[in-house]
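Computed from a prediction, not measured in an experiment: that's the story for all the values here.
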2 protein chains.
Amino acid sequence: MISQTSEYALRAVVCLAQHSDKPHTTAEIAKQTKVPEHYLSKVLLMLAKHEVVYSKKGLHGGYMLAHSPENLPLLNVINAVDPIKHIKTCPLKLKTHGTNLCRLHERLNDSIDLIEELFRTSTVGTILSDPTKSIPLCESTSK
Amino acid sequence: MISQTSEYALRAVVCLAQHSDKPHTTAEIAKQTKVPEHYLSKVLLMLAKHEVVYSKKGLHGGYMLAHSPENLPLLNVINAVDPIKHIKTCPLKLKTHGTNLCRLHERLNDSIDLIEELFRTSTVGTILSDPTKSIPLCESTSK
DNA sequence: AGATAAAAAGACCTTGACATCTATTTTATC
DNA sequence: GATAAAATAGATGTCAAGGTCTTTTTATCT
């Protein structure tokens, strides 16, 4: 449904949101989120290119969120690494359909719209503020 | 979002629903739906195993729908070939989370639930009956 | 019974997502 | 200005989904 890469990106962003006091290195984030370190570095790179996170180089550098958690919809994170693609034209390339999708593909596209809407309206802030017993990504005892 | 294989399965099922008078061979369905023929045969096999379609071997054999379109939710088709998987346990294997998902994974699972619900409540009949200019999978002129 | 046409089974190939490893470049800090 | 710590870039590996091809089994019609 949501790609592995997107899930990794979300983990990283939530992790950064939880510790927004200072930049965090790839290694730190990888350890917290249990994402393969070298792969995470690529994911963070994409997030930086799309200005979801801000990267600070050099000694004591690392990654920080580029926006406040409340202003960062999950959709932005997902679209940065693995954009949600809508069905715009008939996959069968039927001439007479053109831009008019048949009911089947319209229905499939509806499901995509639904997902998109859900992730547009829920932000990283939502994830953090919601009262719950489990703190995201952390063992309960560790904080 | 929805796998290629699931999409193929849906095309095949819709195609069968449109011509329910007699069994149709893999080759016929493949031509109508523009699905790679040999791959389609595997997909149909799975649909038959899950009793979404009925297969008749031998001369004048082929595939037919095993249920009326109104009694066949799209979800059944999808689950036959590429089951929707829910997030039931913490992907990070955090001990203290156990079966309690954190808000992040809860949210991701919400999106899966949403999709599942949509496909549970819309049937092959829905796809066919809905008034629309485009007949599913067919050039408009052909019927 | 034999020929034929269809599904079923299974071996094999291709491609892209995921993942790892090893440079190279940049830039804070001393 | 040297150095260390970080991001960045690139080469390469792995694996499962998607796709192709061939052979076997089964039903039907002369």
Starting from C1' on C:dA9, measure out to CG on B:Leu44 and report it in whole angstrom. 15 Å
Atom pairs under 3.5 Å: protein N/O with N/O of nucleotides 14-20 of chain D:
unit_1: D:dG18; atom_1: OP1; unit_2: B:Gln4; atom_2: N; d: 3.2
unit_1: D:dG18; atom_1: OP2; unit_2: B:Thr5; atom_2: OG1; d: 2.4
unit_1: D:dG19; atom_1: OP1; unit_2: B:Tyr8; atom_2: OH; d: 3.4
unit_1: D:dG19; atom_1: OP2; unit_2: B:Tyr8; atom_2: OH; d: 2.9
unit_1: D:dG19; atom_1: O6; unit_2: B:Lys42; atom_2: NZ; d: 2.9
unit_1: D:dT20; atom_1: O4; unit_2: B:Lys42; atom_2: NZ; d: 3.2

B:Phe119 side chain reached by B:Asn79 side chain, heavy atoms, under 4.5 Å: no
Taking only N and O in the side chain of A:Ser55, is any of them less than 4.0 Å away from OP1 or OP2 of C:dT27? no
Sub-3.5 Å pairs of nitrogen or oxygen atoms, protein against nucleotides 28-30 of chain C:
none

Donor + acceptor pair across side chains of B:His86, B:Glu116 (<3.5 Å): yes
Please state how far atom CD in B:Glu28 lies from atom P in C:dA5, giving the value in whole angstrom units. 14 Å
Rounded to whole angstroms, how far apart are CE on B:Met64 and P on C:dA7? 13 Å
4.5 Å side-chain heavy-atom contact, A:Pro91 and B:Lys34: no
For A:Glu51, check side-chain hydrogen bond (donor to acceptor under 3.5 Å, both in side chains) against everything at least two apart and list the hits. none
Under a 3.5 Å distance rule, please check whether B:His67 uses its side chain to pair with a backbone N or O of B:Val52 as donor and acceptor. no
Could you walk me through whether B:Glu7 and A:His105 pass side chain to side chain donor-acceptor pair (under 3.5 Å), step by step? CA-CA 9 Å; B:Glu7 208 254 306; A:His105 293 110; 2.7 Å; yes
Applying the Watson-Crick and G-U wobble criteria at under 3.5 Å, what pairs with D:dT8? Answer none if nothing qualifies. C:dA23
Can B:Glu28 and B:Lys31 be said to form a salt bridge (charged side-chain N to carboxylate O under 4.0 Å, His left out), step by step? CA-CA 5 Å; B:Glu28 285 170 357; B:Lys31 192 178 178 191; over 6 Å; no
Under 4.0 Å from OP1 or OP2 of D:dA6: is there any side-chain N or O of A:Thr26 that close? no
Calculate the interatomic distance between B:Leu45 atom CG and D:dT26 atom P; express it in whole Å. 14 Å
Round to a whole Å and report the spacing from NZ of A:Lys85 to C1' of C:dG16. 13 Å
Given D:dA5, is OP1 or OP2 found less than 4.0 Å from the side-chain N or O atoms of A:Thr25? no
Quick one: do the A:Tyr8 and A:Ser3 side chains pair a donor with an acceptor below 3.5 Å? no
Identify the heavy atoms of B:Ile127 and A:Arg107 that sit nearest to each other, and give their distance. CD1-CB, 3.9 Å
